[in-house]
2 protein chains.
Amino acid sequence: MNAPIVNPALTKNQTLVFDVLEKSEGPMSAYTILDKLRDHGFRAPLQVYRALDKLTEFGMVHRLESLNAFVACAHREHECCGGAHGHGHGTVAFAICESCNQVLEFHDHKVDHNLGDWAKSKGFKPSKTTIEIRGLCEKCAA
Amino acid sequence: MNAPIVNPALTKNQTLVFDVLEKSEGPMSAYTILDKLRDHGFRAPLQVYRALDKLTEFGMVHRLESLNAFVACAHREHECCGGAHGHGHGTVAFAICESCNQVLEFHDHKVDHNLGDWAKSKGFKPSKTTIEIRGLCEKCAA
DNA sequence: TGCCACACGTTATAGCATAACGCAATTGAT
DNA sequence: ATCAATTGCGTTATGCTATAACGTGTGGCA
C-alpha cells in the first residue's frame with residue numbers, strides 16, 4: 001500500500017494534463033487528452049503518457065483498465081488513497097455507467113479487507129488492485 | 001447476473017482458440033493466440049477475436065483487463081460463474097503474479113455481497129464487474 | 001567543473017482491436 | 001421446397017493504445 005506523494009510540484013505538462021482531466025465530465029483516453037492539448041504545444045502521445053504516469057504515481061489520476069482511459073481522482077484535498085496522513089484508504093473502486101460514461105469512485109473497506117484476507121491465505125502479495133463495475137447509473141437505469 | 005450458456009457446441013475456430021488457451025500456462029494476448037494458430041489456417045486477428053468473444057460469452061474464457069489478455073476459465077466442468085445449475089457464482093476475481101505470470105482465479109462471495117450492497121445503495125445496476133489483483137504469488141514473493 | 005537525475009521533444013514502431021465487405025452454411029417458418 | 005434471417009467465416013484495411021530509442025536542456029550538487 002505505497003503511500004502516494006503529497007502535494008508534489010507539478011511540471012507544466014503534468015499541470016496541463018491534470019487540468020484537462022479535472023475539467024472533463026468523464027474518463028478520457030490519452031489520445032483525447034492529446035487532442036485537447038495540441039493548442040498548448042503537445043504533439044506526441046508520449047508527452048501525455050509521461051505526464052499520466054507521474055500523475056498516477058502521485059495518486060492524482062486513476063487509470064480505468066476496462067476502458068483504457070484516465071480520470072482525475074475524485075477525492076478533494078489529495079486525501080485520496082492515502083494523502084496527508086499516509087495511512088491510505090486502500091483500494092479505489094469505480095462504477096462506470098455504460099450509458100452516460102459517468103464514473104463513481106469509491107472505497108469499500110470491507111472489500112479491501114476480504115480481498116486482503118484472501119491474499120494472505122494464499123501467500124499472495126498484492127501491489128495494485130483493480131475493481132471496476134460496469135453497468136448503469138441510477139439515472140440511466142431508470 | 002446473466003447465466004452463461006451451458007456446454008455450447010463450439011465451432012472449429014472456437015475449439016482451436018480454446019484449446020490453445022487451455023494448454024497455456026498463463027494468459028495470452030489475442031495476437032499470441034493468432035501466432036499459435038497460423039499452422040491451422042488462421043491469418044487475421046478477427047478470427048481470434050470473434051472466437052474469444054463467443055468463448056467469453058459462454059463463460060469459458062475470461063478477459064484480463066489489466067493485461068489485455070485472455071485465460072481459460074479455471075473451473076472444471078463449466079461450473080464457472082453459473083454453469084449447470086444456473087445459479088451463478090457471481091463475480092470472478094483474479095490474482096496475477098507480475099513475476100511468473102501465473103493467474104489465480106477465485107470467487108469471493110463476501111466481496112460480491114459488499115459490492116452488491118454498495119451498488120444497491122447507489123441505485124447502480126452492475127452488468128459486469130472486474131476484480132484483478134496484481135502482485136507476487138507465494139513462490140515469487142519468497 | 002563535471003556529474004547526475006529528470007523532464008522534455010521527436011521519430012518510429014509495436015501491440016491491441018474493430019469496421020466493412022462479401023460469401024457460405026444453417027435454421028426455421030411459410 | 002424456398003425464401004428470409006441468422007450465424008460463422010475469411011479478407012483487407014484501418015484505427016486506437018502504448019512504448020522504444022534517441023537526443024536536448026536544465027537544475028542540483030559534490
Side-chain angles (χ1 to χ4, degrees), chain A residues 5 7-21 24 26-58 60-71 96 98 101 128 130 132 134, chain B residues 4-5 7-21 24 26-58 60-71 96 98 101 103 128 130 132 134:
Chain A
I5 289 78
N7 275 336
L10 297 187
T11 67
K12 179 160 159 287
N13 284 4
Q14 287 158 17
T15 304
L16 287 167
V17 168
F18 183 70
D19 285 351
V20 167
L21 268 182
S24 161
M28 298 181 80
S29 77
Y31 279 74
T32 306
I33 295 170
L34 174 58
D35 287 337
K36 290 269 182 197
L37 289 176
R38 295 218 183 260
D39 294 343
H40 293 268
F42 276 49
R43 325 283 328 252
L46 262 196
Q47 297 176 276
V48 178
Y49 280 109
R50 289 203 270 233
L52 286 171
D53 282 349
K54 283 298 177 185
L55 292 167
T56 301
E57 183 186 329
F58 299 156
M60 299 172 66
V61 162
H62 300 294
R63 176 186 170 79
L64 300 178
E65 302 286 355
S66 67
L67 292 179
N68 293 328
F70 303 83
V71 284
I96 302 164
E98 294 178 306
N101 297 312
K128 195 202 173 203
T130 298
E132 296 177 16
R134 306 286 293 267
Chain B
I5 289 80
N7 276 337
L10 297 187
T11 67
K12 178 159 159 291
N13 284 6
Q14 286 159 17
T15 305
L16 287 167
V17 168
F18 183 71
D19 286 351
V20 166
L21 267 182
S24 160
M28 299 181 79
S29 77
Y31 278 73
T32 306
I33 295 170
L34 173 59
D35 287 338
K36 290 269 183 197
L37 289 176
R38 295 218 184 260
D39 295 343
H40 294 269
F42 275 50
R43 324 284 324 256
L46 261 197
Q47 295 174 279
V48 178
Y49 280 109
R50 289 202 271 232
L52 286 172
D53 281 350
K54 283 298 177 186
L55 291 167
T56 301
E57 182 185 330
F58 298 158
M60 300 172 66
V61 162
H62 300 295
R63 176 184 170 79
L64 300 178
E65 302 287 356
S66 66
L67 292 180
N68 294 327
F70 302 84
V71 285
I96 302 163
E98 293 179 307
N101 296 313
V103 173
K128 196 204 173 203
T130 298
E132 297 178 17
R134 306 286 293 271

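First the proteins, then the strands, lettered A, B, ... as listed; each starts at 1. As the structure is a prediction and not an experimental result, all values here were calculated from the model.
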Engineer: Can you find a pair of side-chain heavy atoms, one from A:N68 and one from B:N68, that are under 4.5 Å apart?
Structural biologist: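 Side-chain contact under 4.5 Å: yes.
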
Engineer: Please table the atom pairs, donor to acceptor, closer than 3.5 Å between any side-chain atom in residues 38-45 of chain B and protein atoms at least two apart or in another chain.
Structural biologist:
{"from": "B:R38", "atom 1": "NE", "to": "B:D35", "atom 2": "OD1", "distance (Å)": "3.2"}
{"from": "B:R38", "atom 1": "NH1", "to": "B:R43", "atom 2": "O", "distance (Å)": "3.4"}
{"from": "B:R38", "atom 1": "NH2", "to": "B:D35", "atom 2": "OD1", "distance (Å)": "3.4"}

Engineer: Check every nucleotide of DNA chain C for an atom under 4.0 Å from a heavy-atom of chain B, then give the first and the last such nucleotide from 5' to 3'.
Structural biologist: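 That gives a stretch of C:dC16 to C:dA20.
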
Engineer: Do A:M60 and A:Q14 make a side-chain contact, defined as non-hydrogen atoms from C-beta onward lying under 4.5 Å apart?
Structural biologist: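 With C-beta onward as the side chain, the pair stays apart.
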
Engineer: What pairs of donor and acceptor atoms, side-chain ones from residues 48-56 of chain A against any protein atom, are under 3.5 angstrom apart with sequence neighbours left out?
Structural biologist:
{"from": "A:K54", "atom 1": "NZ", "to": "A:E57", "atom 2": "OE1", "distance (Å)": "3.4"}
{"from": "A:T56", "atom 1": "OG1", "to": "A:L52", "atom 2": "O", "distance (Å)": "2.7"}

Engineer: Under the salt bridge (Lys or Arg N to Asp or Glu O under 4.0 Å) rule, collect the residues that match up with A:E132, sequence neighbours excluded.
Structural biologist: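 With neighbours one apart ignored, the set is empty.
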
Engineer: Under the side chain to side chain donor-acceptor pair (under 3.5 Å) test, which residues partner B:Q47, sequence neighbours left out?
Structural biologist: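 Here no residue qualifies.
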
Engineer: Could you list where the contact with chain A starts and ends along DNA chain D, reading 5' to 3', using a 4.0 Å heavy-atom cut-off?
Structural biologist: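 First and last nucleotides in contact are D:dT17 to D:dA21.
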
Engineer: By salt bridge (Lys or Arg N to Asp or Glu O under 4.0 Å), which residues pair with A:K128, not counting sequence neighbours?
Structural biologist: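 A:K128: salt bridge (Lys or Arg N to Asp or Glu O under 4.0 Å) contacts with A:E65.
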
Engineer: What heavy-atom pair brings A:P27 and A:L64 nearest, and what distance separates the two atoms?
Structural biologist: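 Minimum heavy-atom separation between A:P27 and A:L64: CB-CD1, 3.8 Å.
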
Engineer: Could you work out, with side chain to side chain donor-acceptor pair (under 3.5 Å) as the rule, every residue matching B:S24, not counting sequence neighbours?
Structural biologist: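 B:S24: no side chain to side chain donor-acceptor pair (under 3.5 Å) contacts found.
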
Engineer: Using a 4.5 Å cut-off on heavy atoms from C-beta on, say whether the side chain of A:F58 contacts that of A:L10.
Structural biologist: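 Side-chain contact under 4.5 Å: yes.
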
Engineer: Go through residues 28-44 of chain B and report each residue with a non-hydrogen atom lying under 4.0 Å from DNA chain C, sorted by number.
Structural biologist: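 Per residue number, the list reads B:S29, B:Y31.
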
Engineer: Check each residue of residues 48-56 of chain A for a non-hydrogen atom within less than 4.0 Å of any atom in DNA chain C, then write out the ones that pass by number, or none.
Structural biologist: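 Of all residues in residues 48-56 of chain A, the ones placing a heavy atom under 4.0 Å from DNA chain C are A:R50, A:K54.
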
Engineer: Please list, chain by chain and in numerical order, all residues satisfying side chain to side chain donor-acceptor pair (under 3.5 Å) with A:N13, sequence neighbours excluded.
Structural biologist: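 Side chain to side chain donor-acceptor pair (under 3.5 Å) check on A:N13 returns nothing, list empty.
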
Engineer: So, using side chain to side chain donor-acceptor pair (under 3.5 Å) as the criterion, who are the partners of B:S29 when residues are at least two apart?
Structural biologist: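 B:T32.
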
Engineer: Take B:N68 and B:P45, find for each the nucleotide of DNA chain D with the closest heavy atom, and name the residue whose nucleotide sits nearer the 5' end.
Structural biologist: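 Of the two residues, B:P45 wins.
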
